[in-house]
Structure formats: structure tokens, C-alpha cells
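Numbering starts at 1 and runs along the sequence shown.
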Amino acid sequence: MTTDNVQMWKELGIDLKPHDMLMNAMGHMYQEIYLSQDNRPHGMGFFDFVVGDIHGIRVRELREHAINGGKVVATYCVFVPEELVWAAGGIPVGLCAGTQFSVPLADEVLPRNTCALIKSSFGFKLGRICPYVQASHLIVGETTCDGKKKMFELLAEYQPVYVMEVPNKKTPQSRELWLREVIAFKEVIEKLTGNQITAESLSEATDLVNRRRRALQRLYNLRKVRPAPISGKDALLVTQVSFYDDVKRCTQQVNALCDELDKRVAKSEGVAPANALRILISGSPMAIPNWKLHHILETTGVVVICEESCTGTRFFTDLVEPETFLDAQVKSIAERYMNIHCACFTPNDERLDDIVNLAQEYQVDGVIHYNLQFCHTYANEAVRVERRLEEAAIPLLRIETDYSDEDTGQLKTRIEAFLEMIRK
Ligand code: BJ8
């Protein structure tokens, strides 16, 4: 870690001691989980570099932006329309909240039966260990689940927070409400940045984010090939990095990686044999550095070939339809985001359809439904997922876990038994 970084972290109010411990732990974890993989695409070098300097270069860019009068807007959920932030000259950054490290801090305040994602986010702020949180001028929350929306009230005691109301149904009235929320968010961002969003700036921003979505679609399409040209762990990392890296640079790097994967596909070069079992993971998002399930799975020799989650297909599946006039553009953005099939909606049949369709498109041998412990929306929806997959004769394993390593042995045993059952 450089002296410049340490100085920057001090200026951001980071508590250096636990922060150092976190960085050390991350380094070891990354070495063990990522760098030990065989036959990785060279294009992953960029993503290794970004994670290797996770609290360095990108934070510095955000700081420079702020020093020049720009604003940084932090988010936790894929419902927050980042196009509006870019269009107003701000920088949106998806916060991680994927580590056990910050959970004990949150445990002192939040109820024990709160999901790890919420605790991890809150713990980062309490402990002052995340420079992205510290560097942001506004944190944008949403009402997707009860735990989150109440945590945002507490978070607002430490930092400016704005909460978007995400409806729970997809009726015409709900769509109307959501459109009004998107318009209100646009006004909040304009006020924060002091910049008016124009049809031109929004068109540019939409194009920028759509390009990244296309690049990620391209990456996922390449994962459909047998043998899989990239590991699930690496693909997950690409999506995770896309949440906070510069959108243009990241798009370029994802496309460069895909160019390389195209060549691998042409040579039938894969990360595992063509007959390796192919697994789809569906459920809660996996924020950096939550690589637990992928790691357990891929060390057994299977390949994770798709994630139906917000750190997977839900992040990039639909594009925002381009429009000419500002009102129509905002409406188009609202429509695109209402198509995210999060379990916060009722009913949410579209997600069940998505899982079956993805399982077929990616030729999976089995699905793992992953939900974070105490996440009631995904846990309850898992019942319907199970029935739907049974009808489609697709093997399913339901897993409920948190960020700790305590259940790793038990998970391995259950996963091995599941894979054994599929192989028979
Ligand atoms: S759109 S999945 S990113 S809400 S795991 S905090 S739901 S108790 S993360 Fe999500 Fe947006 Fe939906 Fe996606 Fe609550 Fe569940 Fe915790 Fe969750």
C-alpha cells in the first residue's frame, strides 16, 4: 500500500487499523480463490489489477472528481437508475457489502436476524472502513426489503441518504408510482450536482450504460458455449467490478476479454472439460468479496455458467430504449428498471420463467437457489422456484447461508451430494 493511499484514506476519515486488516485478509483470499485458478484468460489481468488496488486508484478518481466540484452517488441496488447520475455529471458507484469483516460491527446495533448484506453495508459505515462510502456525497437506498429500508434510516444519521420507493407490484398504478420516483430522483440528482439533465446528456449516459450492458451480455453469451471458456468465479468478478469501475473503461475491458474468449471458443479451449457439470446460481446478489459459493462449487470440478441475480443477468439483461425527448427518455428508463425481477415483487412469476429459460439456454445440469440467511423475500420465493423447476425436471438445491466460513464444510457435503445425484 502506497503512502499516497494512506494519506487519502486518512483524509477520508478511514479507521486505518481495521482497514489494513481487511486489505490483508482480502489479499490472501484473492490469492487463494482467484489467482490459484488454472488457465485463466489474460483479460482477467485488468480485473485482478482493479481488485488488487481496490481502495486505491478508483477511490482516487472519485476524489479528484469531487475536488473538481463533481459528486459521487453511492448505491446498493440495481433499481437505482445510474443513467441519471452520469447525465448530471455525477459518478455512481455500487457499494460492495459482501464481506463478513464488517458484520460484527453492525451486530452491535442491528437485530441479529438481519441479512449479511445489510449488516455488512451498515458495518462499513459504522467502522469507517470503506473509502467508497466515505467518498460519496449521497447514498441512495430503496424500499426493496424491510431490513434495508429501516437500515437506511439509521445510516442517515451518519451520511446523507435518499431513499427511492420501489413498488411491490407491477400494476399500471405501480408503474405510475415508479415513474414519479424516477422523476423525483432526477430532480434530487440535479439539485445535488447543480447540473440540469438534458435530452442530450441523458442520451449519452443511456448509450454509455447500454454499451456496458451489451458487453456483459456478450460475456454471458460466451459462457453458454461448451466447454465454458471462463470460470464462473471470473465472470462473477467481472460483473462485481462493473458496479464501481469507470463505465467506459470497464466496457472496453469486458469487450477485450470477450475478444479473447471468442478465440478460446474457436479453439474449443475451456476452463474445464466439455462434460463438466454446468450449474446455474439463482437468488440473492453476491457483492465483492462474496465468492464463497462459486469457490466451493468450482473446486469440485463443476462450472458455474450463469447467475440469475443482481450480480448477474438482472444487472444487464434489458437495455434502455433510446428516445429523443427528455420526458420519453425518463419514461423509457423507468420502464427498463421495472423489468428487474427482484423477489421484492409480488407476484414475481417472471423470475420463475427467467430461471427455467436460462437453465435451458445455458444447458445447465442443475440450479442452486442461493439466498442470504434472513432474506425472507428470496427464501419464500424459493418455494415457488422449487415447484417450477420440479415441473421442468431441472434439479435444484436450495442453499441459505451468510458471509461467514462456519458452514463451508456443511455446504460442501450438501453440494457434493447434489452433484452426485445429478451424475446418476
Ligand atoms: S433488485 S435482489 S439488489 S433488492 S438479500 S438486502 S433483499 S434481505 S439485495 Fe437486492 Fe435490489 Fe432486489 Fe437486486 Fe434485503 Fe434480501 Fe438482504 Fe437483499
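- Contact detail for Cys115 and Cys375: the closest heavy-atom pair is CB-N, 4.4 Å.
- Side-chain N or O atoms of Ser201 include none that pairs as donor or acceptor with a backbone N or O of Ile197 at under 3.5 Å.
- Residues meeting the ring-ring contact (aromatic ring centres under 6.0 Å, His included) test with Tyr132, sequence neighbours left out: His55, Tyr244.
- Of the possible donor and acceptor atoms, none in the side chain of Thr144 sits under 3.5 Å from a partner among the backbone N and O of Cys344.
- Remark: the backbone N or O of Tyr362 is paired with a side-chain donor or acceptor of Arg278 at under 3.5 angstrom.
- We find that Lys263 and Glu260 are not joined by a salt bridge, their nearest charged nitrogen and carboxylate oxygen being 4.0 Å or further apart.
- There is no side-chain donor-acceptor pair under 3.5 Å between Ser102 and Thr99.
- Annotation: side chain of Arg218 is in contact with side chain of Asp259 (closest heavy-atom distance under 4.5 Å).
- Taking CD1 of Ile368 as the reference point, atom CG of Leu397 lies at 5.0 Å (rounded to 0.5 Å).
- Using a 4.5 Å cut-off on side-chain heavy atoms (C-beta onward), Thr251 and Leu208 make no contact.
- Side chains of Glu200 and Thr198: a donor-acceptor N/O pair is absent below 3.5 angstrom, by distance only.
- Between Asp246 and Gln253 there is no side-chain heavy-atom pair separated by less than 4.5 Å.
- By the 4.0 Å N-to-carboxylate-O rule, Asp207 lies close enough to Arg211 to be salt-bridged with it.
- Contact check for Val330 versus Phe185: no side-chain heavy atoms found under the 4.5 Å cut-off.
- Inter-residue side-chain proximity for Ile333 and Leu202 is flagged as met; some heavy-atom pair is nearer than 4.5 Å.
- A search for ring-ring contact (aromatic ring centres under 6.0 Å, His included) contacts involving Phe374 returns nothing, not counting sequence neighbours.
- The closest donor-acceptor contact from the side chain of Lys292 to the backbone of Met286 lies at 3.5 Å or more, if one exists at all.
- Listed for the Arg128 side chain is a donor-acceptor partner under 3.5 Å among the backbone atoms of Gly13.
- In this structure, the separation between OG on Ser121 and OH on Tyr76 is 4.5 Å, given to the nearest 0.5 Å.
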Discussion item. Determine whether Leu396 and His369 satisfy the following criterion, side-chain contact (heavy atoms from CB on, under 4.5 Å), listing intermediate values before the conclusion.
Written reply: CA-CA 7 Å; Leu396 171 77; His369 190 277; 3.8 Å; yes
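- Counting heavy atoms from C-beta outward, Leu219 and Ile230 have side chains that approach closer than 4.5 Å.
- Taking the ring-ring contact (aromatic ring centres under 6.0 Å, His included) definition, one finds that Phe124 meets it with nothing, sequence neighbours left out.
- Judged by distance alone, with hydrogens and angles left aside, the side-chain atoms of Asn371 form no donor-acceptor pair with the main-chain N or O of Ser284 at under 3.5 Å.
- For the residue pair Asn210 / Arg336, no side-chain donor-acceptor distance below 3.5 Å is found, with atom types taken as modelled.
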Worksheet entry | Verdict with reasoning, Cys145 to Ile118, per side-chain contact (heavy atoms from CB on, under 4.5 Å) | CA-CA 10 Å; Cys145 74; Ile118 298 175; 4.2 Å; yes
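- Residue Pro131 forms a side chain to side chain contact (heavy atoms under 4.5 Å, CB included) with just one option from His19, Arg63, Glu11, and that option is His19.
- If you take CG on Leu117 and CZ on Phe122, they are separated by 14.0 Å, rounding to the nearest 0.5 Å.
- Note: Tyr34 and Phe47 fail the aromatic proximity criterion, with ring centroids not under 6.0 Å apart.
- Heavy atoms only, all atoms of each residue included: Cys310 and Phe243 are closest at O-CZ, 3.2 Å.
- Minimum interatomic distance between Cys77 and Lys148 (heavy atoms only, all atoms of both residues): CB-NZ, 3.7 Å.
- A pairwise comparison of heavy atoms in Ala116 and Val103 identifies O-CG2, 4.1 Å as the closest pair.
- Between Pro167 and Leu177, the closest heavy-atom pair is CD-CD2, 4.2 Å.
- The side chain to side chain donor-acceptor pair (under 3.5 Å) search around Lys150 returns Glu153, not counting sequence neighbours.
- More than 12 heavy atoms of other residues, nucleotides or ligands lie within 6.0 Å of CD in Gln159, so this atom counts as buried by the packing criterion.
- In this structure a side-chain-to-backbone donor-acceptor pair under 3.5 Å is present from Asp402 to Ser404.
- Arg40 places no side-chain N or O within 3.5 Å of a backbone atom of Gly45 that could act as its donor or acceptor partner.
- Between the CD atom of Glu308 and the CD1 atom of Ile281 there is a distance of 11.5 Å, given to the nearest 0.5 Å.
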Discussion item. The test is side-chain contact (heavy atoms from CB on, under 4.5 Å); show your working for Val302 and Ile415 and say whether it passes.
Written reply: CA-CA 11 Å; Val302 307; Ile415 286 170; over 6 Å; no
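- Remark: His376 NE2 to Asn113 CG distance equals 6.0 Å, nearest 0.5 Å.
- Applying the 6.0 Å contact sphere to CD of Gln7 captures more than 12 heavy atoms from other residues, nucleotides or ligands.
- When side chains are defined from C-beta on, Pro322 does not count as touching Thr206, because their heavy atoms never get closer than 4.5 Å.
- Remark: the Tyr337 side chain and the Glu83 side chain contain an N/O donor-acceptor pair separated by less than 3.5 Å.
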Fill in: Glu400 vs Tyr378, side-chain hydrogen bond (donor to acceptor under 3.5 Å, both in side chains): CA-CA, chis, key distance, verdict
CA-CA 10 Å; Glu400 188 163 322; Tyr378 279 91; over 6 Å; no
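- Under the rule for a side chain to side chain donor-acceptor pair (under 3.5 Å), Tyr162 has no partner lying at least two apart in sequence or in another chain.
- Panel note: side chain Glu181, backbone Val166; no donor-acceptor pair is recorded below 3.5 Å.
- Across Lys186 and Leu326, no two heavy atoms sit closer than the pair CE-CD2, 4.0 Å.
- In this structure, the side chains of Lys125 and Gln134 come closer than 4.5 Å at one or more pairs of heavy atoms.
- The 12-atom threshold is not exceeded at CG of Asp327, counting heavy atoms of other residues, nucleotides or ligands nearer than 6.0 Å.
- Under a 4.0 Å N-O distance rule, the pair Lys170/Asp349 does not qualify as a salt bridge.
- In the model, Ser231 has a side-chain atom that pairs as donor or acceptor with a side-chain atom of Gln37 under 3.5 Å.
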Practice prompt. Evaluate the criterion salt bridge (Lys or Arg N to Asp or Glu O under 4.0 Å) for residue pair Arg223 and Glu307; output intermediate values, then yes/no.
Written response: CA-CA 11 Å; Arg223 297 174 76 189; Glu307 295 82 17; 2.8 Å; yes
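- Taking the side-chain contact (heavy atoms from CB on, under 4.5 Å) definition, one finds that Asn221 meets it with Lys224, sequence neighbours left out.
- Between Asn5 and Arg60, the side chains place a donor N or O and an acceptor N or O closer than 3.5 Å (distance only, hydrogens not considered).
- Residue Asn168 holds its CG atom at 10.5 Å from CG of Asn348, rounded to the nearest 0.5 Å.
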